Amino acid sequence: MSAPDGAGDAGVEPSARGRAGPRAVPTVNIANVLTVSRLLLVPVFLLALFMDAGESTGWRLTATALFAIASITDQVDGWIARRYGLITDFGKLADPIADKALIGAALVGLSALGELPWWVTIVIGVRELGVTLLRFWVIRHGVIPASRGGKAKTVAQILAIVIYLLPLPGYLFVVGAVAMGIAVALTVVTGVDYVVRAIRLRARSLADRG
Ligand SMILES: O=P(O)(O)OC[C@H](O)CO
């Protein structure tokens, strides 16, 4: 993906700021490499999930572990980017996209295996795609980074998916259902919040331009 407004030549983003003041931050940095790695783990995770049509406990645990590892990189790349001043416009856009690809793959996989109702996957999918399109729609006016609510939503989705992925005994079904219910609620509420943020950002930018 090419860097959005404000990105200079050679993949350097002059608008990014480090702790020592304004400075160029290379787009190819450890935080963004982790983000892209998360994206590359998606097909590997899907392969493990569908191995033996989801019947093998070993493959199921492998899929769960891959999903968990990829999810942990989500927390780590954000922390590294903030701690070492490696925040770039590419990262702000690519990080949520990588999360959505991983989570979307897990939800579609679970629904295809008949373990999660399709409506859950569709509601979450529509919100995630909608927010991504929204981000590109207002990109001329600025980047909408992940909000606290958005991050909490992602954590809730990850926890719910891990519970669904784990080969747990049937009587624990209600734990997964409650966790997924919370995730869906946060997904919808934060989606509405992003729409409001996008409208405000666009209005402010247009007003600034006079
Ligand atoms: O709700 P979003 O689209 O901002 O996504 C949040 C990210 O997944 C947090 O890493």
Side-chain angles (χ1 to χ4, degrees), residues 1 3-5 13 16 25 27 29-42 45-46 66-110 120-165 179-202 204:
M1 183 195 318
D5 287 357
E13 309 202 14
V25 178
T27 302
N29 62 56
I30 180 67
N32 287 343
V33 166
L34 277 174
T35 301
V36 174
S37 307
R38 184 158 70 256
L39 211 47
L40 297 178
L41 268 179
V42 172
F45 156 73
L46 277 178
L66 286 170
F67 181 84
I69 290 166
S71 300
I72 288 166
T73 68
D74 175 32
Q75 308 304 314
V76 174
D77 61 9
W79 180 83
I80 290 176
R82 285 188 298 276
R83 173 72 179 78
Y84 297 101
L86 296 176
I87 296 171
T88 61
D89 283 344
F90 172 85
K92 286 187 208 168
L93 278 174
D95 178 61
I97 289 174
D99 298 346
K100 290 174 199 338
L102 177 68
I103 288 168
L107 294 173
V108 169
L110 286 166
V120 172
T121 297
I122 291 167
V123 167
I124 295 180
V126 166
R127 182 278 194 196
E128 302 299 351
L129 186 65
V131 168
T132 302
L133 294 176
L134 197 65
R135 283 195 163 103
F136 281 104
W137 179 58
V138 296
I139 195 120
R140 281 178 298 130
H141 307 288
V143 174
I144 306 177
S147 65
R148 280 193 186 170
K151 288 178 188 162
K153 172 269 311 180
T154 302
V155 171
Q157 289 175 344
I158 289 168
L159 287 177
I161 290 169
V162 166
I163 295 172
Y164 267 80
L165 284 174
M180 194 56 82
I182 293 170
V184 170
L186 281 174
T187 300
V188 173
V189 170
T190 55
V192 173
D193 177 57
Y194 279 124
V195 173
V196 174
R197 282 169 192 253
I199 292 170
R200 283 193 188 142
L201 174 70
R202 188 170 176 274
R204 223 175 18 241

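Quick note: numbers below take in every heavy atom, side chains included, and nothing from hydrogens, waters or symmetry partners. Quantities reported herein were computed from a predicted structural model and do not represent experimental measurements. As the structure lists them, so they are numbered: ligands from 1, and atoms in each ligand from 1.
- Annotation for ligand 1: atoms under 4.0 Å from non-hydrogen atoms of R135 are 2 (P), 3 (O), 4 (O).
- One distance of note links CD1 of I144 with CZ of R197; it measures 8.5 Å at 0.5 Å rounding.
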* Would you please test R38 and T73 for side-chain hydrogen bond (donor to acceptor under 3.5 Å, both in side chains) and show each step? => CA-CA 7 Å; R38 184 158 70 256; T73 68; 3.2 Å; yes
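- Annotation for ligand 1: atoms under 4.0 Å from non-hydrogen atoms of R127 are 1 (O), 2 (P), 3 (O).
- The line from CZ of F67 to CD1 of I161 is 4.0 Å long, rounded to the nearest 0.5 Å.
- Side-chain atoms of T88 and N32 include a donor-acceptor pair closer than 3.5 Å.
- Contacts of T190 with ligand 1, taken as heavy-atom pairs under 4.0 Å, are absent altogether.
- Those atoms of ligand 1 that come under 4.0 Å of a heavy atom in V131, given as number and element, are 3 (O).
- To the nearest 0.5 Å, the span separating CG on L107 from OH on Y164 amounts to 10.0 Å.
- Taking a cutoff of 4.0 Å between a charged side-chain nitrogen and a carboxylate oxygen, D74 and K151 do not qualify as a salt bridge.
- The shortest contact between atom 7 (C) of ligand 1 and any protein heavy atom is with D99 OD2, 3.1 Å.
- In summary, the atoms of ligand 1 found under 4.0 Å from a heavy atom of K153, numbered by their order in the structure, are 1 (O), 2 (P), 5 (O).
- Nearest protein neighbour of atom 6 (C) of ligand 1, counting heavy atoms only, is T154 OG1, 3.4 Å.
- Of all atoms in ligand 1, listed by their number and element, those nearer than 4.0 Å to a heavy atom of K100 are 2 (P), 3 (O), 5 (O).
- Of all the atoms in ligand 1, the ones that sit under 4.0 Å from a non-hydrogen atom of D95 are 10 (O).
- Judged by a 6.0 Å distance limit and a 45° cone about the ring axis, R135 is positioned over the six-membered ring of Y194.
- At a heavy-atom distance under 4.0 Å, no atom of T132 approaches ligand 1.
- For ligand 1, the atoms sitting less than 4.0 Å from at least one non-hydrogen atom of D74 are 10 (O), numbered in the order shown with element in parentheses.
- The single protein non-hydrogen atom nearest to atom 4 (O) of ligand 1 is Y194 OH, 2.4 Å, given as residue, atom name and distance.
- Ring pair Y84/W79 is perpendicular by interplanar angle, where above 60° counts as perpendicular and below 30° as parallel.
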